[in-house]
Amino acid sequence: MLISAKRCLIAYCLLHFSFIAAAQQRCSFDEILKADIEAEEALSHRLVTIEDQLSKWIVNHERIQERSAYTIPIVFHILWNTTAENISTEQIQTQLDILNKDYAAKNTEIEQVPGIFASLVAAVDIQFCLAQIAPDGSVTDGITRTRTFVDSLDIDNVYSSAADGQDAWDPALYLNIWVANLKNNQVGFGSYPGQNAQEADGVVIDYSVFGINDHPRLNLGRTLTHEVGHYLGLFHPWGDGLFNINCSGDDRVSDTPIQDNTYAGQCPDLAANLPESCGSTDMSMNFMNYTNDECLFMFTKGQKLRMLATLLEIRSSLLTSSGCQNIVQPQVDKGIVSIGPNPVNGTLYISTFLEQAATNIELTIYAMNGKNVYHFEATDLATYFSHLVAVDKWASGPYVLVLNIDQEQIVEKLLVY
Ligand SMILES: [Zn+2]
């Protein structure tokens, strides 16, 4: 187990100190990595080995080919004490869609990237799905819910059922994301490859900044976008995790400018003079900054390469997972549609995340004899749409699902069992 009591003490001291200066900072990654390196000598050697693997892969893949996205199965572990902490399934689906849209560069703010950085914008070719198959082979909705009976949790406690948390699903096959009321004003942490013991490998996020929420600055679900970036091998733009915010750090990505500002609590006016530091214009809108959610827009091509290198070199076992084999994601011009699981025997989840709000969505499901067994229609929708269909009392067998989104039509064969 790499998480030591020593680390907890060091991390707490660092966090305690930092919170005097700034309450509820964006991310605990730098503090925890620094404390881990001080607590475990072997970690530095592992990080050097991993860096060597990543840099070799990146050198050989700089002219990356366009391809369809790799998909990583996610399990969300909801650790709750109060009702507000027991986040709804709809909220989870909303957060997942935000994550997918940000990684696909399909977020609406992408148009606001300043001209100086426009050519660097990347769709990362990594998408995420709610696990449909659990480690034991059973059908799941990709969500575990655990009542904690404590007011709040240290990050180190979320990983274990014995410590008021929830044991991970096999981290080789699933991205584990723990959602909890975190102690010490922490809002998020993503474990860097090789950093945590396998049973604690994944992402931790405070319930208050999850999905679309009421937080004054972190209200659009981008804390998860940021923390998954760490999980996929990214550092903050100002450094390599050792908290050198003085132009001496480097995130090991060639196309992100070095900066000495975290942009915590800020939202620079991009119509005015762009912020500068360390002799160049800062990319304050990069997802790996601490900038407010509404002002985070993009990953770069260099970050994309580093994340793909991490997935294919260090975390490649995720691509052998059958956790999401039942999700269907038909292409539509307007954005992303997700239908699943299919086959289904409990609840069918349908969600869209569109470029432009749809004026009409119509869902009809037909039995094979042509009989209409389910119909739903809604008008004047937002870009995000989520709908659940309970099929648990339906007769087993094939059905045909027809989904109309304005002028576009999706037809999928559905199997209820
Ligand atoms: Zn971070």
Side-chain angles (χ1 to χ4, degrees), residues 7 11 14-15 17-19 21-37 43 47 50 95 98-99 102-103 124 126 155-156 158 175-180 182 184-196 200-206 208-210 215 217-246 249-253 256-267 282-300 302-304 306-307 310:
R7 169 179 129 177
L14 286 165
L15 289 165
F17 175 80
S18 61
F19 287 130
Q24 203 164 37
Q25 73 176 46
R26 156 72 74 174
C27 167
S28 301
F29 178 79
D30 282 351
E31 290 92 337
I32 292 177
L33 183 60
K34 188 171 183 180
D36 283 353
I37 288 171
L43 176 55
L47 295 180
I50 286 169
Q95 173 66 82
I98 292 165
L99 186 69
D102 284 350
Y103 276 74
V124 177
I126 297 175
I155 284 181
D156 284 348
V158 305
L175 163 52
N176 286 266
I177 297 177
W178 289 268
V179 186
L182 298 176
N184 301 323
N185 280 326
Q186 295 175 87
V187 299
F189 168 69
S191 62
Y192 189 81
Q195 180 179 3
N196 275 6
D201 192 19
V203 169
V204 183
I205 182 167
D206 190 83
S208 69
V209 297
F210 188 86
H215 193 282
R217 294 175 288 108
L218 313 178
N219 58 330
L220 298 178
R222 298 222 148 98
T223 300
L224 190 61
T225 303
H226 175 111
E227 300 305 339
V228 172
H230 291 311
Y231 171 85
L232 291 172
L234 297 188
F235 295 111
H236 298 127
W238 55 84
D240 58 4
L242 298 180
F243 226 46
N244 298 320
I245 311 177
N246 54 15
D250 179 16
D251 65 356
R252 298 169 187 175
V253 175
T256 52
I258 293 173
Q259 62 183 59
D260 68 356
N261 189 340
T262 66
Y263 293 99
Q266 298 179 45
C267 189
D282 287 352
M283 194 183 280
S284 63
M285 73 298 305
N286 190 285
F287 287 130
M288 297 313 290
N289 263 309
Y290 284 178
T291 320
N292 295 350
D293 273 11
E294 63 175 321
C295 301
L296 289 177
F297 308 154
M298 65 177 284
F299 287 117
T300 68
Q303 288 175 316
K304 167 182 176 171
R306 195 170 168 88
M307 287 195 270
T310 302

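For clarity, every value in this text was computed on a predicted model and none was experimentally measured. Hydrogens, waters and symmetry mates are skipped; everything else that's a heavy atom, side chains included, is used. Start at 1 and go down the list; that is how both ligands and their atoms are numbered.
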task = Give the C-alpha distance, both sets of side-chain angles, the deciding distance and a yes or no for side-chain contact (heavy atoms from CB on, under 4.5 Å) between Ile32 and Gln195.
result = CA-CA 10 Å; Ile32 292 177; Gln195 180 179 3; 3.7 Å; yes

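Under 3.5 Å, the side chains of Tyr263 and Asp282 contain a donor-acceptor pair of N or O atoms. Of the N and O atoms on the side chains of Asp201 and Ser191, at least one donor lies less than 3.5 Å from an acceptor on the other residue.
Listed by chain and residue number, the protein N/O/S atoms under 2.8 Å of the Zn ion (ligand 1) are Cys27 SG, His226 NE2, His230 NE2, His236 NE2, with waters left out.
Ring planes of Tyr290 and Trp238: perpendicular class, angle over 60° (limits at 30 and 60°).
Applying the side-chain contact (heavy atoms from CB on, under 4.5 Å) rule to Glu227 yields the partners Cys27, Val203, Thr223, His230; only residues at least two apart in sequence or on another chain are considered.
A distance of 6.0 Å or more separates the ring centres of His226 and Phe29.
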